[in-house]
Q: 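Okay, handing you the structure first.
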Amino acid sequence: MAEPLSSQYDPAQIEAALYREWEERGYFHARAEPVLRGETDPYVIVIPPPNVTAVLHMGHGLNNTIQDVLIRWRRMQGRESLYLPGTDHARIATQNVVERQLAAEGKTRSDVGREAFVERVWEFVDRTGSTILEQLRAIGCSCDWTRTRFTLEPDLSRAVREAFVRLFDKGLIYRGKYIINWCPRCLTALSDEEAEAAETQGRLYHIRYPIAGDAPTGAPRLADGRAYVVVATTRPETMLGDTAVAVHPDDERYRSLVGGRLILPLVDRELPVVADTYVDPEFGSGVVKITPAHDPNDFELAQRHDIAALDVMTPDAHMSDDVPGPYRGLDRFEARRRVVADLEALDLVERIEDHTHSVPHCYRCDTIVEPRLSEQWFVRMKPLAEPALAAARSGRVRFTPDRWLKVYEHWMENIRDWTISRQLWWGHRIPVWYCRADGCGNVMAPRTDPTECTKCGSGDIEQDPDVLDTWFSSWLWPLSTLGWPDETDDLRAFYPTQTLVTAPEILFFWVARMIMAGYEFRGDAPFADVYLTGTVRDTQGRKMSKSLGNGIDPLEVVQLYGADALRYTVISSVGFGTDVYMDPDNLDATFSAGRNFSNKIWNAGRFALMNIGDDPVATLDDVRADLETADRWILSRLSAATAEVTRQLEAFRFHEAAESAYHFFWGELADWYLELIKPRMQPEASAGSRRAAKATLVHVLDGALRLLHPVMPYITESLWLRLPAPGGVAREESLVVGRWPDPGPRDEAAEAQMDALMELIGAVRTLRSEYNVPAQLHIHVHLTNPGPSLQEALRAEERALRRMARVGEVTVNGGAEGMGAHAVLRSGADLFLPLAGVIDVEQERKRLGKELERIDGQLRATESRLSSEQFAARAPAEIVAREREKAESLRDQRERLGAKMRGLG
RNA sequence: GGUCGCAUAGCUCAGCUGGUUAGAGCGCACGGUUCACAUCCGUGAGGUCGUAGGUUCGAGUCCUACUGCGACCACCA
């Protein structure tokens, strides 16, 4: 016999060692060759790359556990499974960390210079980066670490360059001066997706703009006699940049103004009045100030009407020199206060009202984004979106839960061009060079760094200083990690991948763009399934986050309860596309399910190993003739569980798969089967019976451990390795590469018998508990009218009834007399416990009365259904037959319960 | 403003094509010193399935409206 196991499962002792063993044996390493030879199908998940500087949190815990469950399950099914790990350089996030370090030294990035700064970021990344990959090991993720990638490493940078050049050559990348989202704190452009709208309580200022020249009759007038119109704005400081005013062409009120001029207060600039359908006459006064440099709509309108733009702000959102003296250099909000105060002093403010509207904030630092006229690089998205949209509609790419398809479609249909340049230093430098030679103006995007202009040959060229949006490398991730743009074996074997598991927050940022890149650069979708997880929240429903301090550290959980407990708990909490709630203040309660289940598995395994001892174990086939009801039952249940777990995993129903496996292991195998075979493990049991029980036990435990292995790899492997091989036949060397079981046949007779027996045992226990019959006291039971299944079960497993319900003697059909407790079983059998002296007649009468009431209620419902003509006419025959049988059985039960009542006197 | 989702036990959620008595885990109550496990075993209490209509022989499940919560999208200054 193997070394004795401790009675408590101690994960710390086994996990790290097992992981090392698995990794060393190369189980996680996927081979391209067998796939290319057509010997096996690949199953590939490319990890959503965490930020290189990230530390593992529960969101990763959830995500990566799901991925690993899928990978391990498919690997057991014999697929060449690749779980490809890696990290993302996360431009702003990482740059900010290093900038903060510099700030602590009293320096800024411009103090150290670009080259030194980038070097410093690399240092930081090399030192602290990839911690998260180590942490993924701790939760058991079976990644192929030989293929770890980083978005900024040379190969991937080459992919970024290639993608840029191709799009540039096709004219899908262009540079232009447009209104973009600008973060005045990060000092960079942001994409539309990075500017997050937040409802904000603001104000709507109604400002009087005097009319130059002839005013419409009846126009209101200022104290100085000038006529005016009212213009509404939420951002008065931007009026300093107004270059026009617009009204709706059909607006009678202002028709005479069109073509005329207004005077911009505070600046005294003349503003042309134009007519444009963009203006909503219903909103505000129906007159809109046009500030082309600080509002995207105004910018478009200005283009249509050939109106100039005037940028009145500096990059850090202070007023520029293009505004009147008093406002120069003021912060934008300070400027707003000054402008309003000055207007009020001039009696030019009609009124100020509260106004709730959504204001864009920087996704990284939450600063209010400033729409800013600026020259940036863009990707033309419409042509890229078309195949990606078609792929989702045709089902080439499936979303789970499928409601995300609509969200995706909506975004794709209304897609806007992507701002890809960022005014940062950390990231992929934009591979564009400008020729500075007089009159040349050449703009080049070559595959290798140029030394001279490709047009005029001048050596006076200069690279664009900006870097690319992080997502410009991320969207290539499934391609670049497999070797693209080279035609590598990995690319040919593993692209397209199968499943992407990620959070819905990055559906647009990442998922949609990967699909576009997949089609654009490889002509196929990057994955077949997108599984979108929920969010991990605390008990108050708040998203777990570092800043709120309501996070759970997965590593602490691993340390306390083990990776398996963490994984099981996470998997069993993840409803179909629902959020996951966990209590950071009560880890014990939160992870009790996983911890307790681990312990249960451990002890069931311990029980089996202790009882099997060193004896050789027969194969199931060898003991087929000696199998007893309980054996056939548990084998049948294993078949059922196997079919269920497989089906649920196929449908991404993790919660239910975990629950099925749990219920089988605990509720059937441990609670019933192990108890049932205890007597057969004793020396006095017959050798054949013992042999059959052990063979069944080993077989069933083997199957159960396989079903649980994807979710709980450590404990299952650790026990499985100790299980003897039936018949001495060689097995797989590890569950990691073990075979996923096929469901065997069901044994309906055995299941029916055990169901009846379990119900009987339950009924006896209930009565015992109800009447407080001491555990030491063995009682007699009398059974009348047991059905065939129950009779059969009793013949086979009477000792189980005695043991598990603490029953002395069992009398069938007869001898039931005197005072006692009654119950009617579903099978129609009648249970009687003679409990003279124990029983309380009143209590028994009440109990029977309650039961009678329940049966009466059911009977009434059933009978009324049966008496309905439509039911007989329209319901399927089997349903009608079932109802008939039910009514008959209920009538029978009612009659017998009535007799019992009368018997009580 | 638009789109989508959710509402089932004290809590977190299942309930997959409408069809036996609506389930699980945690929590709660009662009982348990049986040689795998007290991180355990047994028993129990607790639900008008958000509200109101409708379709159907039959609705937690399908439809409509309403209420409440949430997510995403959106240029009404």
Side-chain angles (χ1 to χ4, degrees), chain A residues 5 7-9 197 204 231-235 238 246 278-280 282-285 287-291 295-298 300 355 357-358 371 401 403-404 406-407 410-411 414 504-505 507-508 535 539 541 561 565 569 572-583 588-590 592-593 595-611 647-648 651 653 655-656 659 662-663 667 670-671 674-675 678 762 765-770 772 774-776 803-806 826 854-855 857-858 862 865-866 868-876 878-880 882-883 885-886:
Chain A
L5 305 180
S7 71
Q8 299 270 305
Y9 171 55
L204 189 59
V231 171
T233 178
T234 53
R235 306 187 51 206
T238 62
Y278 155 70
V279 180
D280 175 4
E282 305 292 312
F283 189 89
S285 62
V287 184
V288 189
K289 64 196 259 318
I290 300 301
T291 320
D295 182 284
N297 302 303
D298 291 6
E300 281 173 27
H355 181 67
H357 59 144
S358 68
R403 62 188 147 88
W404 290 107
K406 279 199 180 139
V407 180
H410 182 254
W411 189 73
N414 298 288
E505 290 100 275
L507 185 61
F508 307 139
T535 307
T539 42
Y561 317 113
T569 302
S572 66
S573 336
V574 63
F576 197 65
T578 62
D579 289 345
V580 177
Y581 290 81
M582 297 189 153
D583 187 352
D588 249 16
T590 301
S592 62
R595 181 198 57 177
N596 297 355
F597 190 32
S598 296
N599 198 51
K600 191 68 181 179
I601 296 170
W602 184 253
N603 276 291
R606 200 168 146 245
F607 167 85
L609 294 170
M610 279 167 57
N611 281 289
R647 189 171 56 95
Q648 285 151 345
R653 292 180 172 272
H655 165 110
E656 289 156 59
E659 199 177 289
Y662 178 95
H663 178 257
D671 283 352
L674 295 188
E675 293 303 327
K678 273 177 181 173
R765 282 170 172 172
T766 302
L767 293 176
R768 286 189 68 115
S769 169
E770 209 123 321
N772 289 317
Q776 297 83 354
R803 244 180 71 82
M804 297 177 70
R806 309 200 60 75
R826 225 177 9 240
R854 188 178 60 83
I855 287 174
Q858 276 181 50
T862 310
R865 212 169 302 159
L866 279 168
S868 140
E869 275 173 41
Q870 292 100 319
F871 180 73
R874 303 209 190 156
E878 63 199 78
I879 301 278
V880 176
R882 200 167 69 201
E883 290 294 312
E885 266 171 50
K886 189 173 146 195

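Chain letters run A, B, ... following the sequence lines, proteins first, then strands; residues in each count from 1. These numbers come from a predicted model, not from an experiment.
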Q: What is the separation between atom CH2 on Trp602(A) and atom P on C40(B), rounded to the nearest whole Å?
A: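 Distance check: Trp602(A) CH2 to C40(B) P gives 17 Å.
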Q: Does U39(B) have OP1 or OP2 under 4.0 Å away from a side-chain N or O of Ser598(A)?
A: no
Q: Between A74(B) and G68(B), how far apart are the two C1' atoms, rounded to whole Å?
A: 24 Å
Q: If I compare all heavy atoms of Ser7(A) with all of Asn599(A), which pair ends up nearest, and what's the gap?
A: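 Of all heavy-atom pairs spanning Ser7(A) and Asn599(A), the closest is O-OD1, 4.0 Å.
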Q: Side chain of Asp295(A), heavy atoms from C-beta onward: which of C16(B), C13(B), A77(B) has the nearest atom to it?
A: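 Of the options given, the side chain of Asp295(A) lies nearest A77(B).
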Q: Give the nucleotide from the list U21(B), C26(B), U39(B) with an atom nearest to the side chain of Arg826(A).
A: U21(B)
Q: Taking Arg768(A) for the side chain and Arg806(A) for the main chain, is one N or O donor matched with an acceptor at less than 3.5 Å?
A: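 Such a contact is found between Arg768(A) side chain and Arg806(A) backbone.
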Q: Using heavy atoms to find the nearest nucleotide of RNA chain B for Arg595(A) and Gln776(A) separately, return the residue whose nucleotide is more 5′.
A: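 Its nucleotide being nearer the 5' end, the pick is Gln776(A).
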Q: Starting at atom CG of Leu767(A), determine the distance to atom P of U43(B), rounded to an integer number of angstrom.
A: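 To the nearest whole Å, that distance equals 12 Å.
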Q: Take atom CZ of Arg606(A) and atom C1' of U39(B), then tell me their distance rounded to the nearest Å.
A: 13 Å
Q: By the 4.0 Å heavy-atom rule, please label Arg403(A) as base, sugar-phosphate, or nothing.
A: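 The residue Arg403(A) makes sugar-phosphate contact but no base contact.
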Q: Reckon His357(A) touches a base, only the sugar-phosphate, or nothing at all at heavy-atom distances under 4.0 Å?
A: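 If one applies the 4.0 Å heavy-atom cut-off, His357(A) turns out to touch the sugar-phosphate alone, with no base involved.
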Q: Check the distance between C41(B)'s C1' and Leu674(A)'s CG and give it to me in whole angstrom.
A: 13 Å
Q: In terms of side-chain heavy atoms of Ser7(A), which of G19(B), C37(B), C13(B) is nearest?
A: C37(B)
Q: Could you tell me whether Arg647(A) contacts a base, only the sugar-phosphate backbone, or nothing, with contacts defined as non-hydrogen atoms closer than 4.0 Å?
A: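 Since a base atom lies under 4.0 Å of Arg647(A), the category is base.
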Q: Looking only at the side chain of Ala604(A) (C-beta and beyond, no hydrogens), which of the listed nucleotides U20(B), A36(B), C72(B) gets closest?
A: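 The listed nucleotide nearest to Ala604(A)'s side chain is A36(B).
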Q: Among U39(B), C13(B), G25(B), find the nucleotide with the atom closest to the side chain of Tyr662(A).
A: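 Of the options given, the side chain of Tyr662(A) lies nearest G25(B).
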Q: Of all the nucleotides listed (U33(B), C41(B), A74(B)), which has the minimum atom distance to the side chain of Asp671(A)?
A: C41(B)
Q: Does a side-chain heavy-atom distance below 4.5 Å link Val407(A) with Leu507(A)?
A: yes
Q: Mind checking who U64(B) pairs with, Watson-Crick or G-U wobble, both distances under 3.5 Å?
A: A52(B)
Q: Looking at the side chain of His355(A), which of C73(B), A77(B), U43(B) is the nearest nucleotide?
A: A77(B)
Q: Roughly how far apart, to the nearest Å, are U43(B) and G53(B) at atom P?
A: 41 Å
Q: Remember a base hit wins even if backbone is also touched, and classify Ala775(A) as base, sugar-phosphate or nothing at under 4.0 Å, heavy atoms.
A: nothing
Q: Describe the nucleic acid contact of Glu675(A) in one word from base, sugar-phosphate, nothing, applying a heavy-atom distance below 4.0 Å.
A: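 Since a base atom lies under 4.0 Å of Glu675(A), the category is base.
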Q: Tell me the interatomic distance from Asp280(A), atom CG, to A74(B), atom C1', rounded to whole angstroms.
A: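 Value for this atom pair: 15 Å.
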Q: Which distance, rounded to the nearest 0.5 Å, do you find between the OH of Tyr662(A) and the NE2 of His655(A)?
A: 12.0 Å
Q: What interatomic distance, in whole Å, is found between P of C63(B) and the corresponding atom of U55(B)?
A: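 Taking atom P in both U55(B) and C63(B), they lie 15 Å apart.
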Q: State which of A77(B), C76(B), A36(B) makes the closest approach to the side chain of Ala670(A).
A: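 The answer is A36(B).
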Q: Quick check for you: among U21(B), C37(B), A74(B), whose closest atom lies nearest to any side-chain atom of Ser358(A)?
A: A74(B)
Q: In whole Å, what separates the C1' atom of C26(B) from that of C69(B)?
A: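 The same atom, C1', in both gives a distance of 24 Å.
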Q: If you take all heavy atoms of Val279(A) and Val288(A), which pair is closest and at what distance?
A: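 Looks like CG1-CG2, 3.6 Å.
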Q: Could you tell me how far apart Arg803(A) (CZ) and G32(B) (P) are, to the nearest whole angstrom?
A: 20 Å
Q: Could you report the tightest heavy-atom contact between Met582(A) and Thr569(A), atom names first, then the distance?
A: CE-CG2, 4.3 Å
Q: Provide, to the nearest angstrom, the distance between the CG atom belonging to Asn599(A) and the C1' atom belonging to A36(B).
A: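 After rounding, the reported distance stands at 10 Å.
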Q: Check the surroundings of atom CZ in Arg826(A): do more than 12 heavy atoms from other residues, nucleotides or ligands lie under 6.0 Å from it?
A: no
Q: Could you measure between the two P atoms, the one in C72(B) and the one in G54(B), and give it in whole Å?
A: 38 Å
Q: Checking the side chain of Thr766(A) only, and the main-chain atoms of Gly762(A) only, is there a donor and an acceptor separated by less than 3.5 Å?
A: yes
Q: Checking all strands, does Phe508(A) fall into the base, sugar-phosphate, or nothing category for heavy-atom contacts under 4.0 angstrom?
A: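 Result for Phe508(A) = sugar-phosphate.
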Q: Nearest-nucleotide wise, let me know which of Ala589(A) and Ala872(A) is further upstream toward the 5' end of RNA chain B.
A: Ala589(A)
Q: When we call it a touch if two heavy atoms are under 4.0 Å apart, what does Asn772(A) touch: a base, just sugar-phosphate, or nothing?
A: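 Contact class for Asn772(A): none.
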Q: Is any side-chain nitrogen or oxygen of Lys678(A) closer than 4.0 Å to OP1 or OP2 of A36(B)?
A: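 Yes, within the criterion.
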Q: Check every strand shown and say whether Pro774(A) touches a base, only sugar-phosphate, or nothing at a heavy-atom separation below 4.0 Å.
A: nothing
Q: Mind checking who U3(B) pairs with, Watson-Crick or G-U wobble, both distances under 3.5 Å?
A: A71(B)
Q: Between C28(B) and U67(B), how far apart are the C1' atoms? Round to whole Å, please.
A: 32 Å
Q: Please state the C1' separation for the pair A52(B) and A7(B) - nearest whole angstrom.
A: 16 Å
Q: State which of U34(B), A14(B), U43(B) makes the closest approach to the side chain of Arg806(A).
A: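 That would be U34(B).
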Q: If the P atom of U61(B) is compared with that of U17(B), how far apart are they to the nearest Å?
A: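 Roughly 13 Å separates the two P atoms.
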Q: Tell me: CG of Asp579(A) to C1' of C11(B), nearest whole Å?
A: 16 Å
Q: When we call it a touch if two heavy atoms are under 4.0 Å apart, what does Phe283(A) touch: a base, just sugar-phosphate, or nothing?
A: base
Q: May I ask you to verify whether the side chain of Lys600(A) and the base of C37(B) hold a donor-acceptor pair under 3.5 Å?
A: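 Answer yes: a donor N or O sits under 3.5 Å from an acceptor.
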Q: Would you say the side-chain atoms of Asp588(A) and Tyr561(A) include a donor-acceptor pair closer than 3.5 Å?
A: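 Result is yes, a qualifying pair exists.
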Q: Reckon Asn596(A) has a side-chain N or O less than 4.0 Å from the OP1 or OP2 of C40(B)?
A: yes
Q: Give one of base, sugar-phosphate or nothing for Gln648(A), where a contact means two heavy atoms less than 4.0 Å apart.
A: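 Result for Gln648(A) = nothing.
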